[in-house]
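Only one structure is covered here, and it is reproduced in the block below.
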Amino acid sequence: MTNPILWSSALEAGTFYALLALSFYITLVGTDFFNFAVGPFAMLAGLMTSWLHLFRDWPVLLAMLAAIIATILVAMVTERLVIRPVQTRSTTSELPALVAVAGVLFAVQQGAGLLFGRELFPGVEVFALPNLSIGGFQVESWALILFLATLLIFTGVTIWIRKSRQGRLLRAIGDNREAAQILGLGVNRARLTAFALGGFVAAVAGIAFAPFAGVGFDSGLKWTLSGFVAFVIGGLGTPLAPLIGGLLLGLAEVFLSYYFGGAIFQWVLAAATLILLALRPQGIFQRRVRV
Amino acid sequence: MKLKLGKIVGAGFAAALFLGACGSPNSDGNASAGQGEGGQAEGSSEGLTIGLVYDETGPSSSYNVPATELIKALIDDLNEDGGVLGAPISYIEANDESDPTKASTVLNKLASEGADVFFYNSGGASTIQGKPTTAELQKPTLAATNAETQISLPPDNEFIYTFATGSDQWGLAYCAGIKEAGWETMGILMDDTPAISTFSETLLPSIDCVETVASETAPADGTSFSGPIARIADSNPDFVLVLAAGAPFEVKAHTALNTQMPGTPRLSTAAMVNTPSSWDVARDGALEGVVAMGSIDMTNPRTAEVADILGSLGDGFAMTQFNANAYDAFKILIEAVERAGTTDSVAINEALESTADYRPSYGLEGLTLSFNADKHAAPDSQCSLILLEFGPDNEPVGAWDKYVPECG
C-alpha cells in the first residue's frame, strides 16, 4: 500500500472512470435514461483528436475542439433521432430504447473504425505541464492534465446542476417527464442539453486519457462498462457520487490485482457489482427527497 | 421537407445501427464478396475463389487486417496480369474476431459461397478450432500469420498449413539468448485471450532454461497493469517476458514495465514488433532494450526484394513478419494452383504438399520452405527466428547480440 506507483495508477484510472460515470449521471439525471454510448463517445473524441493532429496535421487545440464538437453533435443526434423517437413509440417499456442505444454504441465504434482506421492511435497531449515529482516518483504531464480536467469538470457540473436554473430544470424534468410536460417546461430542450453535456464530459475524458495507453476504435465498450460500474458504485445522490465511484473502482482495480492477481480482478469486480446492485442498487450515495 | 429530411437521416442512422449491431459489414460470418480489377462474381466455377477468414475487429486485428489487405492487393495485382489458370481470382471474406466459437461457422459459410481455398489469418485458438472443419470440407487452408505449433500437427491437419516457425521452437531461440545473458529467473505477464492461453501451452514449456518466479495474467483490454506488474516486481526476476495476442497489450505492458521495473530486461512475443504503427503509442523511450520475436532481416536480399514489391503495392504495406508470411503464403498457393492445373481443392492440396525449396521473404538468407504429407509447417530450419532489439526511439535497431540464428 505504500508504493506510490500503485496509488498514482489508481488515481489515473479512477479519475477517468469518474468522468465516464459523470457522463452517465448527467444523462440519467436529465432524461431518466442510461446512455450506454458514453464509452464510444469518449473513444470517438480521443481517436478523432489523434487522427486530425497526427495524420491531418491540424493544430492540437483545433483538433481537440473539432473532436469535442463532433462528439457533442453525435450525442445530440443520438437523443433526437434514436432515443426520443423510440421512447415516444414505446412509452411502457425502456427496453427498446436501451436496445437502440446499444446499437448506437456499436455503430459509433464501427463508424470510427471505418473513418479513422482500426489501428491503435497514440493519444495527444493538448498542452504540456512539467512532471510532478512526489517522493522520487514522477507524475506525468498527461496525468496532471487528467486530474485538472476532472477537478474543473466536477466543480463546474456540481455548481451548474445545483445553482443554475437550467441545472435545476434538468433535474426536475429527469425526475418526472410527464409532470414537466404538463407544466409546459422545455422537456425536449433539456433532454438535448443533458445528452450534449454528457457528450462533452465523455469527450474530455477520452481526450485526456488517450495519452495513457493510446486509443483504438474498440476501446469504447470497455470504457462504457467501466464507467457504468463506477456509476453504480457511486450512485445518484450527488454530482460528486460518480467521482467517489470512479476513485473506488480505480483503487479496486489496482490494489485487488496487486494482492490477488490480475486474473481475479474481473471476477471480483463482477461479483461486487452484482452484490451492490442486489443489496444497494442506489449506490453509495442515494437521493434525498424533501417532503 | 423537414419530415422527409428527418426520415432520410433516420433511415441512414438505422442502417448504421444495423451495421454496427453486426460488428462490421463482414463480421460474424456475414461474408462479402470482392474481386480484383477484371475479377468475376463470387463462387465462380471458372476462376479460383479464395475465402479470406480473418480477425478484423478482435484482439489480433492489429496485424491480421494489414496482412489480409496485402493478400487482396496481391490478388488485384495478379488479376491485372490475367489471374491464374487464365482466369481472374475472386475472394470472399468473413470476420471471426479471433473467436473460436465462430471458426466453423465462417468456414462453412464461405465454403457454401464457393471458396476453393482459405486463408485463415486469426488467433491461434480460433484457427485450431477451425482445423477439423477444413479437413471435413477438404479445402486447403493457409494459416499465414500464425505460429501456433498445434495448427500444423495431427489430427485433422491434412488441409491446413503454417508458415512461421512454431511456438515450440521459440523457446530454443529465447533460451540461447537467455543463457548468453546469464539470466536465471523469469517473470511472465500475459493477456487473457484464448489465443495466448493456447500459445503459452506450447511456448512456456519450451523455455526450460530458467525458473519462472512470477506469472501474471491481465485483461487484454485492461486499463491499468500496475497491480500485476508490482506482483512481478516483488519476485525480483532477472527479466520479464510479455506474451500478447495483439500489439496494444504489448505496448501498454512495456510502457508500464518501463515505469515500474526500470532496468529489468524485457523479452516479448511477435505482435508489437511486427506492428510499426503501435510503436508510437509507447511513451518516449519505453521500448528501449525490449527484445522481441521477429523474422525480418533486411540484409537478406530476398527480403529487400519483396520489401520493394510491397512498397509498389501501396503505402500501407510495411515489411513485417506477418506481411512477409502472407506474401509467401499467397505465392506458394498460386504456384500450387498452377502445378495442379485446376481449381479443384483436393488437387491444390496435393500440389501444396509438393512445395519444396521455396525461398521466403523472411528469415535469414539460407532459409527455405517446404511441405509434404507429413510436414505442414513451412520452415525447413529455425533460422526464420530473429530476436530484434528496440532502441531509444522505440524502433527496432537490429538483431539482439545475445542470439545469432543459423540456418542448416
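Computed from a predicted structure; not experimentally measured.
Scanning all heavy atoms of the two residues, the minimum distance from B/Ser215 to B/Met190 falls at OG-CE, 3.8 Å. Shortest non-hydrogen contact noted between B/Thr212 and B/Ile188 is CG2-CD1, 3.7 Å. A pairwise comparison of heavy atoms in A/Thr224 and A/Leu105 identifies OG1-CD1, 4.0 Å as the closest pair.
A centroid separation of 6.0 Å or more is found between the aromatic rings of A/Phe121 and A/Trp51. Taking the six-membered ring for Trp and the full ring otherwise, B/Phe225 and B/Phe249 have centroids separated by under 6.0 Å. Between A/Phe116 and A/Phe55, the ring center distance fails the sub-6.0 Å criterion. The ring of A/Phe255 has its center no closer than 6.0 angstrom to the ring center of A/Tyr258.
A donor-acceptor pair is defined here as one N or O able to donate and one able to accept, closer than 3.5 Å; no such pair exists between the side chain of A/His53 and the backbone of A/Ala63.
Contact of A/Pro211 with chain B is made through the backbone alone, with heavy-atom distances under 4.5 Å. Heavy-atom distances place no part of A/Gln109 under 4.5 Å from chain B, backbone and side chain included. Residue contact with chain A, scored on non-hydrogen atoms closer than 4.5 Å, involves the backbone and the side chain of B/Gln260 alike.
Heavy-atom neighbours of chain B within the stretch residues 36-48 of chain A, taken at a separation under 4.5 angstrom, are nonexistent. For residues 10-23 of chain A, the interface with chain B (any heavy-atom pair closer than 4.5 Å) comprises A/Ala13, A/Tyr17, sorted by residue number.
Around atom CZ of A/Phe260, no more than 12 heavy atoms belonging to other residues, nucleotides or ligands sit under 6.0 Å away.
Chosen from B/Ala282, B/Pro66, B/Pro228, B/Ala247, the residue pairing most often with chain A at heavy-atom distances under 4.5 Å is B/Pro228. Among the candidates B/Asp234, B/Val251, B/Thr217, B/Thr223, the residue making the largest number of heavy-atom pairs closer than 4.5 Å to chain A is B/Thr223. Heavy-atom pairs under 4.5 Å with chain A were tallied for B/Thr259, B/Ile229, B/Asp221; the largest tally goes to B/Asp221. Annotation: maximal heavy-atom pairing with chain B below 4.5 Å, among A/Val254, A/Leu54, A/Leu256, occurs at A/Val254.
Evaluated for a side-chain contact (heavy atoms from CB on, under 4.5 Å) with B/Ser122, the options B/Asn95, B/Thr145, B/Val53, B/Asp55 yield exactly one hit, B/Asp55.
Taking the side-chain hydrogen bond (donor to acceptor under 3.5 Å, both in side chains) definition, one finds that B/Asp191 meets it with B/Thr193, sequence neighbours left out. Looking at residues two or more places apart in sequence or on another chain, you find a side-chain contact (heavy atoms from CB on, under 4.5 Å) between A/Leu248 and A/Ile233, A/Ile244, A/Ile284.
Residues A/Ser141 and A/Glu125 bring a donor and an acceptor atom of their side chains to less than 3.5 Å of each other.
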